[in-house]
Amino acid sequence: MSVGVQRLREETERIRQGAIDKGEDPAVIDEALAADLRRRTVLGEGDTLRAERNAVSKQIGDAIRGGAAPDGVEIAKLRARSSAVGTRIAALEAEAAEVEARLDDLLLRIPNPADPGIPVGGEEASVIVRTWGEALPRATAHAGALDGSGRWQRRPHWEIGEALGMFDLAAGAKVAGSGFPIYRGQGAALQRALIDFFLALHTREHGMTEIWPPAMVNEASARGTGQIPDKEDQMYVVARDGLYLVPTAEVPVTNIHRDEIIESARLPIRYVAYSPCFRREAGAAGRETRGILRVHQFDKVEMVCFERPDESSEALEWLTARAEVALQRLGIAYRVKLMSTGDMGFTQAKKYDLEAWAPGVEQWLEVSSISNFRDFQARRMNIRWRPQPGASPEILHTLNGSGLALPRTVAALLETYQQPDGSVLVPEPLQGSLGTERLTPV
RNA sequence: GGAGAGGUCGCAUAGAGGUCUAGUGCGACGGUUUGCUAAACCGUUGAGUUGGGUAACCGGCUCCGAGGGUUCGAAUCCCUCCCUCUCCGCCA
């Protein structure tokens with residue numbers, strides 16, 4: 001992920017302000033500009049010398065073909081000259097490599113500026129742009145309450161899951177480790193039903209192409225989406241084979257088109273992919289990690305879009321609405337949060353979070369994050385499109401969004417649909433694959 | 001995992017140290033001819049980077065899977081790695 005060096009030259013002040021708004025140090029911008037200047041100087045000198053060497057080598061070839069003795073005096077003089085130029089070329093190439101590496105490193109540390117109009121500030125500056133559904137209270141009046149109080153207290157999802165025999169966290173810890181949940185019985189079936197529902201929704205109704213990606217990627221792919229070097233500690237590594245377990249389907253799916261030029265007629269390309277997601281979550285143990293809300297392995301259906309630059313803003317709204325449809329069909333109340341400059345992260349230009357209401361714990365749980373990267377990610381992966389047949393290729397825009405992540409959706413679903421008698425009603429879209437309208441304690 | 005073959009301009013193929021500024025065919029695009037279609041003929045045909053110019057445009061350099069090496073000069077020779085195909089072994 002990086003801003004382009006050309007854009008850095010042309011829009012220096014906007015990029016500088018963007019870095020400041022995101023709370024990053026703008027000093028790297030001036031360093032990068034200096035490195036770029038040096039780089040161009042060195043490249044220019046090197047090119048001139050290479051042109052000279054090419055000319056001399058050509059003279060040698062012409063002379064030999066013209067009958068000159070290959071080991072004669074004339075040829076020897078030309079060889080000596082070319083050789084001397086070669087030495088200077090080697091020195092310039094070494095410097096060019098050094099300065100380009102430095103420039104690349106600096107560019108990587110310049111954040112993607114947020115779109116105009118994004119609220120500036122930290123977490124507190126993010127704004128709720130809309131809410132859908134009724135955020136149920138934890139306690140409601142209920143004549144048949146089990147404790148005879150006349151009030152019914154909704155339970156947190158881990159209690160519901162335990163009563164229904166859906167999770168077996170202890171067994172998961174034994175088999176793999178803490179944070180690797182085992183889903184059992186109705187819990188396992190619910191996972192499968194949700195994955196199928198999301199995929200069917202996004203393919204059949206939203207026209208996306210389904211992808212079933214690898215669960216591991218090579219280093220180039222991990223670099224392409226910026227997991228390396230930005231989030232290297234977040235990934236599980238299979239060092240022996242040089243592979244990384246995917247932290248999200250975004251990584252394998254976006255890399256599908258790495259180093260490609262896509263004809264305009266093929267755009268937009270919109271994929272939806274299920275994958276397991278593996279995250280080390282180093283240092284996250286403790287707060288808010290109870291149950292299945294933050295785990296090392298979870299399941300997610302991810303949407304990935306490749307768009308024409310002039311259509312990506314609209315695509316972000318569309319993509320957000322597609323994720324919202326999933327929650328609406330499940331009847332889960334949620335709110336949409338527009339992330340502020342300081343809240344959205346290094347790589348995004350604009351980002352919405354979808355937060356589902358979980359009445360048992362009385363929390364809004366982040367179940368989806370939908371982002372427009374504009375050309376930031378695509379430049380790193382060298383994904384281009386051709387605006388007109390025969391025209392020069394340009395970097396396209398990428399977006400992605402969860403549609404949705406399972407664990408927190410399950411939590412919100414269980415807490416929303418729990419009944420005073422301990423059972424859980426099944427939302428209509430899942431009834432078919434679960435084969436029941438109600439989950440009952442086991 | 002073992003043995004062999006191979007990776008060249010969208011596709012197919014030539015290329016074996018200087019004549020490769022990578023040829024040819026197909027495709028695509030433009031044009032001529034044409035009642036329509038087809039065909040024929042002519043022409044064009046990649047990417048990156050950098051310099052000049054307001055610009056259309058013009059020039060330099062780099063790129064023949066990737067990275068090193070030999071050489072005045074590498075698609076071509078040498079080394080390492082990656083990928084694809086065939087056969088064998090193993091296996092859900």
Protein-nucleotide distance (A/M381, atom CE; B/rA47, atom C1'), rounded to Å:
19 Å

With a non-hydrogen cut-off below 4.0 angstrom, is A/I64 in contact with a base, only sugar-phosphate, or nothing?
base

If pairing means Watson-Crick or G-U wobble with both distances under 3.5 Å, then the partner of B/rC63 is B/rG46

Please state how far atom CG in A/L78 lies from atom C1' in B/rC72, giving the value in whole angstrom units.
9 Å

Does a side-chain N or O of A/R386 approach OP1 or OP2 of B/rA28 to a distance below 4.0 Å, or not?
no

If the threshold is 4.0 Å, N to carboxylate O, is there a salt bridge linking A/E93 and A/R50?
yes

Does the distance from a Lys or Arg side-chain N to an Asp or Glu carboxylate O, for A/R329 and A/E205, drop under 4.0 Å?
yes

Gap in Å between the two C1' atoms, one belonging to B/rC61 and one to B/rG7, rounded:
26 Å

Using the C1' atom in both, what is the distance from B/rA39 to B/rG31, to the nearest Å?
16 Å

Taking atom C1' in both B/rU33 and B/rC42, what distance in whole Å separates the two?
11 Å

Would you indicate, yes or no, if B/rG48 has its OP1 or OP2 atom less than 4.0 angstrom from a side-chain nitrogen or oxygen of A/R384?
yes

Do A/T347 and A/N112 have a side chain donor and acceptor closer than 3.5 Å?
no

Measuring to OP1 and OP2 of B/rU49, would you say a side-chain N or O of A/R39 lies under 4.0 angstrom away?
no

Within a reach of under 6.0 Å around CZ of A/R14, are more than 12 heavy atoms found that belong to other residues, nucleotides or ligands?
yes

Using the P atoms only, state how far B/rG4 lies from B/rC9, rounded to an integer number of Å.
27 Å

5'-most contact on RNA chain B: A/E52 or A/K58, nearest heavy atom basis?
A/K58

Quick check on RNA chain B: between A/G86 and A/R50, whose nearest nucleotide comes earlier from the 5' end?
A/R50

Between P on B/rU62 and CG on A/L92, what's the gap in Å once rounded to a whole number?
14 Å

Any luck finding a side-chain donor-acceptor pair between A/E159 and A/Q418 under 3.5 Å?
no

Tell me yes or no: between the side chains of A/E307 and A/H397, is some donor less than 3.5 Å from an acceptor?
no

Would you measure the distance from the C1' atom in B/rC85 across to the matching atom in B/rG27 and give it in whole Å?
25 Å

Rounded to the Å, how far apart are A/D241 CG and B/rG1 C1'?
13 Å

Output yes when A/E45 and A/R88 qualify as a salt bridge under the 4.0 Å nitrogen-oxygen rule, no when they do not.
no

Please state whether the phosphate of B/rG51, meaning OP1 or OP2, lies under 4.0 angstrom from any side-chain nitrogen or oxygen of A/R40.
yes

Taking only N and O in the side chain of A/R9, is any of them less than 4.0 Å away from OP1 or OP2 of B/rU50?
yes

If you only use heavy atoms from C-beta on, which nucleotide in B/rC61, B/rC72, B/rG18 is closest to the side chain of A/A51?
B/rC61

Provide, to the nearest angstrom, the distance between the CD atom belonging to A/E45 and the C1' atom belonging to B/rU49.
16 Å

Among B/rG48, B/rG73, B/rC61, which nucleotide sits nearest the side chain of A/P393?
B/rG48

Nucleotide opposite B/rC9 in a Watson-Crick or G-U pair, distances under 3.5 Å
none

Roughly how far apart, to the nearest Å, are B/rA14 and B/rC29 at atom P?
28 Å

For the P atoms, the ones on B/rC78 and on B/rU71, what distance do you get once it is rounded to whole angstrom?
16 Å

Taking a pair as Watson-Crick or G-U wobble with both distances under 3.5 Å, which nucleotide is matched to B/rC77?
B/rG69

Roughly how far apart, to the nearest Å, are B/rC36 and B/rG53 at atom C1'?
48 Å

What is the separation between atom CD1 on A/I262 and atom P on B/rA47, rounded to the nearest whole Å?
15 Å

Using whole Å, report how far CG of A/L37 lies from P of B/rU50.
12 Å

Think A/N54 has a side-chain N or O under 4.0 angstrom from the OP1 or OP2 of B/rC61?
yes

How close or far is atom C1' of B/rU50 from atom CG of A/L49, stated in whole angstroms?
15 Å

